[in-house]
A.B. asks: 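Take this structure first; my questions come after.
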Amino acid sequence: MSILSLKNISYKYPLENNETIHDVSFEFEKGRVYGLVGANESGKTTLCNIIRGFIPELYKGQLVGDVMIKGKHLNEYNIGELATIIGYSFQNPFTQLSGVKDTVYEEIAYGMENIGVPRDEMIKKVNDLVKMFRLEDLINKNPFELSGGQKQRVAIASIIALDPEFIILDEPTSQLDPKSSEDIFKIIHLLKKQGKTILLVDHKVDLLAEYCDEILLMSKGQLAMTGPTKEILADPKVLKYGGQLPQVALYYIQKAKDNHLKTTDTIPLTVQEVQDILRKDGEV
Ligand SMILES: Nc1ncnc2c1ncn2[C@@H]1O[C@H](COP(=O)(O)OP(=O)(O)OP(=O)(O)O)[C@@H](O)[C@H]1O
């Protein structure tokens with residue numbers, strides 16, 4: 001059974017004439033990492049808000065279709081239950097900070113305090129997350145004094161602290177340098193190994209190619225392409241729908257076209273895969 005499913009979801013913001021999301025259906029399986037990609041304003045954040053229930057709870061408008069979580073309609077969960085089932089890290093980490101805690105350490109503990117996690121368990125969890133997100137030097141700092149990237153790491157640690165089963169990360173690496181971005185993807189991999197289901201909105205297709213099981217490509221409010229990462233991110237049709245291909249795939253397609261390489265049925269998506277193909281073809 002899928003952990004979360006979307007059935008014929010359409011949505012129109014108040015005062016807008018046209019739908020921002022049109023007839024989206026999809027089933028998310030437990031323990032998989034999904035990359036949600038698409039051009040700017042294609043509807044990715046709006047879809048995440050629908051999955052988390054912020055639409056229609058906070059944003060009104062016209063929503064049709066059903067969001068089912070573990071076999072129950074989203075409406076059947078109360079706000080507290082939903083917060084522990086679905087973790088949502090916002091695109092802008094500034095909006096995620098509680099604003100009532102003076103240190104990073106307290107900020108990470110805040111959500112757990114609210115749901116009454118026992119003190120010992122809470123301390124252990126915060127210490128684990130501080131280590132996992134390399135926040136050791138920042139624990140006594142005020143969250144609002146941090147850089148954008150540091151805020152982003154604290155915001156993600158705070159939602160993981162609640163141990164949600166389904167985690168939505170909306171552009172978690174947008175303010176991070178390449179090394180910190182890769183670190184976040186490694187944490188995503190670790191969370192997957194713990195059985196979490198992750199929906200990741202990100203433009204860094206090279207990292208998505210390496211870490212995601214499946215890709216959902218949005219175009220003008222619809223899911224234009226969905227499927228295994230290996231199929232979707234190796235398909236030049238992605239470009240037609242405003243998506244991007246990994247640098248490695250683009251390089252390989254160009255090389256194959258120039259006839260410098262023997263063609264192969266499989267377009268490589270990672271540097272490792274290119275090296276394997278080149279080695280097989282006797283190029284290196
Ligand atoms: N609160 C709102 N009221 C009205 N329209 C909105 C609102 N929020 C977003 N939109 C519109 O909905 C469309 C989809 O926006 P959304 O932010 O969901 O796309 P996105 O794919 O996440 O974009 P980006 O990659 O730029 O973050 C856009 O045209 C946007 O202007």
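Order of appearance sets the numbers: ligands from 1, and atoms from 1 within every ligand.
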A.B. asks: Heavy-atom contact check, 4.0 Å cutoff: does G38 meet ligand 1?
C.D. replies: no

A.B. asks: Using a 4.0 Å cut-off to any heavy atom of Q91, which atoms of ligand 1 qualify?
C.D. replies: 27 (O)

A.B. asks: Which of the atoms in ligand 1, numbered in the order shown and given with their element, are less than 4.0 Å from a heavy-atom of S42?
C.D. replies: 19 (O), 20 (P), 21 (O)

A.B. asks: I'd like to know whether CD of E57 has more than 12 heavy-atom contacts from other residues, nucleotides or ligands below 6.0 angstrom.
C.D. replies: no

A.B. asks: Heavy atoms only: which of T45, D202, D170 is nearest to atom 17 (O) of ligand 1?
C.D. replies: T45

A.B. asks: Considering only heavy atoms from C-beta outward, does the side chain of Q150 approach that of L176 to under 4.5 Å?
C.D. replies: no

A.B. asks: Could you tell me whether some N/O pair between Y59 and ligand 1 is separated by less than 3.5 angstrom?
C.D. replies: no

A.B. asks: To the nearest 0.1 Å, how far is atom 16 (P) of ligand 1 from its closest protein heavy atom, and which atom is that?
C.D. replies: T46 OG1, 3.7 Å

A.B. asks: Think K196 forms a cation-pi with F166, using NZ or CZ under 6.0 Å from the six-ring centre and within 45 degrees of its axis?
C.D. replies: no

A.B. asks: Nearest non-hydrogen atom to atom 23 (O) of ligand 1 belongs to which of E171, M218, E16, E41?
C.D. replies: E41

A.B. asks: Using a 6.0 Å cut-off, check whether atom NZ of K192 has over 12 heavy atoms from anything other than its own residue.
C.D. replies: yes

A.B. asks: Decide whether H73 and E76 meet the rule of one side-chain donor and one side-chain acceptor closer than 3.5 Å.
C.D. replies: no

A.B. asks: Do F54 and Y59 have ring centroids that are under 6.0 Å from one another?
C.D. replies: no

A.B. asks: Name the atoms and distances for all side-chain donor-acceptor pairs under 3.5 Å in residues 139-146, with sequence neighbours left out.
C.D. replies:
from	atom 1	to	atom 2	distance (Å)
N142	OD1	F144	N	2.8

A.B. asks: Quick test of your reading: applying salt bridge (charged side-chain N to carboxylate O under 4.0 Å, His left out), list the pairs with at least one residue in residues 170-184, sequence neighbours left out, ordered by first then second residue.
C.D. replies: R134-D183, K179-D183

A.B. asks: Below 4.0 angstrom from a heavy atom of A39, which ligand 1 atoms are there? Numbered from 1 as shown, please.
C.D. replies: 21 (O)

A.B. asks: Of the protein's non-hydrogen atoms, which lies at the shortest distance from atom 25 (O) of ligand 1, and what is that distance?
C.D. replies: K44 NZ, 2.8 Å

A.B. asks: Nearest protein heavy-atom contact for atom 1 (N) of ligand 1: which residue, which atom, what distance?
C.D. replies: Y13 CE2, 3.6 Å

A.B. asks: Name the closest protein heavy atom to atom 13 (C) of ligand 1, giving the residue it belongs to and the distance to 0.1 Å.
C.D. replies: T20 CG2, 3.6 Å

